[in-house]
Amino acid sequence: FPPQRIHYIPNGVDTGHFRRIQPYAPGPLTRFVLVGRRHPQKGIDLALQAVRLLRAQCLSDRFHINFYGADYPEYDYPDMARQLGVTENVTFFPFKQTILEVYQAADCLILPSRGEGLSNSLLEAMATELAVSATPVSGTVDVITQGVDGLLVPSESPEALAEAMATIIQQPDFARRLGQQARQKILQTFSLESVAQRYSELY
């Protein structure tokens, strides 16, 4: 069928709910968050390897990652963290139904996924003015403009992820600008209102 028959309408996010409530106030510890089930698709192993690289750069006292998501018995990421020697910089939490407070307490979302559709956590975090570092997979590249409203890092590269995380740690003003631009992108293109308008025009 001809390409002009394809209509792209993305997921929408409630920008009234997902918004920055607490003023952005970077401190001596940069707070990263990864939201997603603990499965290889989400690249959690890559995040843990990136932590080891950051520790080798003497940044161990400058950051922490909180992981939120459901566990799979066949994938023991806490044990992987112990083997890599990075347990001081990571904490694993269970799946959380209400996630807004998690974003409020974070500085940056990392999304080193090996595959995604259009990640709801990506849209929610960007709406909450978080800087984002993600791999350029599927729907993610439809949302993030590199260096403007987020950082795109090559897939399967803990080195590139560590470099992006080091940038967020060492350049808090840049991280703040990324977050502010991220919310503007969401308001313009991915808010519930804009998505509803697209459906209305299509029908």
Side-chain angles (χ1 to χ4, degrees), residues 10-11 13 18 29-57 59-128 130-144 150-169 175 182:
N11 297 346
V13 61
F18 289 102
L29 192 72
T30 301
R31 304 158 300 176
F32 294 92
V33 63
L34 193 159
V35 178
R37 65 189 189 281
R38 289 197 261 278
H39 184 276
Q41 179 189 347
K42 296 297 184 180
I44 295 170
D45 56 315
L46 302 173
L48 294 176
Q49 293 171 46
V51 172
R52 181 172 64 173
L53 294 171
L54 290 170
R55 288 176 62 86
Q57 298 175 33
L59 292 172
S60 59
D61 61 344
R62 299 278 304 276
F63 76 97
H64 195 88
I65 305 180
N66 287 335
F67 295 84
Y68 288 88
D71 285 307
Y72 287 74
E74 61 267 42
Y75 305 115
D76 191 343
Y77 290 110
D79 183 61
M80 180 182 290
R82 285 189 290 272
Q83 293 183 32
L84 291 171
V86 301
T87 54
E88 293 180 1
N89 291 96
V90 301
T91 305
F92 292 91
F93 293 96
F95 170 78
K96 192 173 179 62
Q97 188 70 43
T98 55
I99 202 71
L100 179 60
E101 62 209 46
V102 171
Y103 298 136
Q104 296 290 340
D107 299 302
C108 177
L109 174 82
I110 58 173
L111 197 68
S113 303
R114 294 181 166 94
E116 287 284 350
L118 178 52
S119 167
N120 284 330
S121 63
L122 173 66
L123 300 179
E124 293 165 357
M126 291 178 70
T128 319
L130 288 189
V132 172
S133 178
T135 47
V137 294
S138 191
T140 301
V141 295
D142 294 326
V143 183
I144 293 178
L151 298 176
L152 293 171
V153 299
S155 301
E156 301 294 342
S157 177
E159 295 82 7
L161 178 59
E163 182 179 350
M165 292 173 67
T167 298
I168 298 298
I169 293 168

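Every heavy atom of this structure was used, including side-chain atoms; hydrogens, water molecules and symmetry mates were not.
- Taking each heavy atom of Ala160 and Pro154 in turn, the nearest pair found is CB-CD, 3.4 Å.
- When all heavy atoms of Phe93 and Arg38 are compared, the pair lying nearest together is O-NH2, 2.7 Å.
- Of the inter-residue distances, the one linking Phe92 atom CZ with Leu34 atom CG reads 9.5 Å to the nearest 0.5 angstrom.
- Closest approach of Gly139 to Leu118, counting heavy atoms only: O-CD1, 3.7 Å.
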Dump the intermediate steps for side chain to side chain contact (heavy atoms under 4.5 Å, CB included) on Ile65 and Met165, then the final yes or no. CA-CA 11 Å; Ile65 305 180; Met165 292 173 67; 3.6 Å; yes
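- His64 is linked by a ring-ring contact (aromatic ring centres under 6.0 Å, His included) to nothing, counting only residues two or more places apart in sequence or in another chain.
- Going from atom OG of Ser133 over to atom CZ of Phe32 covers 8.0 Å, rounded to the nearest 0.5 Å.
- The 12-atom threshold is exceeded at CD of Glu159, counting heavy atoms of other residues, nucleotides or ligands nearer than 6.0 Å.
- Counting heavy-atom neighbours within 6.0 Å of Gln104 CD, excluding the residue itself, gives a total above 12.
- Under a 3.5 Å cut-off, the side chain of Ser113 and the backbone N or O of Glu116 do not form any donor-acceptor pair.
- For the pair Val153 and Pro112, the minimum side-chain heavy-atom distance is 4.5 Å or more.
- Remark: Leu54 CG to Ile169 CD1 distance equals 5.0 Å, nearest 0.5 Å.
- Residues Tyr75 and His39 come closest through the heavy atom pair CE1-CD2, 3.8 Å.
- Of all heavy-atom pairs spanning Arg55 and Glu88, the tightest one is NH1-OE1, 3.8 Å.
- You'll find the side chain of Leu151 reaches within 4.5 Å of the side chain of Ile168, heavy atoms only.
- In this structure, the separation between CZ on Arg114 and CD on Glu156 is 4.0 Å, given to the nearest 0.5 Å.
- Distance CZ/Arg31 to CG/Asn66: 10.0 Å, rounded to 0.5 Å.
- Side chain of Thr30 to backbone of Phe63: no donor-acceptor contact under 3.5 angstrom is found.
- Side chains of Tyr77 and Asp71 form no contact here, defined as non-hydrogen atoms less than 4.5 Å apart.
- Across all non-hydrogen atoms, the minimal contact from Leu161 to Leu46 is CD2-O, 4.0 Å.
- For the pairing with Leu122, the side chain to side chain contact (heavy atoms under 4.5 Å, CB included) check across Ile144, Asn11, Val35 returns one residue only, Ile144.
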Run the numbers on Leu152 and Thr140 for side chain to side chain contact (heavy atoms under 4.5 Å, CB included), then give the verdict. CA-CA 9 Å; Leu152 293 171; Thr140 301; 4.1 Å; yes
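- In this structure, the side chains of Pro136 and Ser155 come closer than 4.5 Å at one or more pairs of heavy atoms.
- In this structure, CG in Asp79 is found 11.0 Å from OG1 in Thr87, a value given to the nearest 0.5 Å.
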Go through the steps for Leu84 and Val51 under the test side chain to side chain contact (heavy atoms under 4.5 Å, CB included), then give the verdict. CA-CA 9 Å; Leu84 291 171; Val51 172; over 6 Å; no
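- Between Leu130 and Asp107 the shortest side-chain heavy-atom distance does not fall below 4.5 Å.
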Could you check Ile99 against Phe18 for side chain to side chain contact (heavy atoms under 4.5 Å, CB included), going step by step and ending with a plain yes or no? CA-CA 9 Å; Ile99 202 71; Phe18 289 102; 3.9 Å; yes
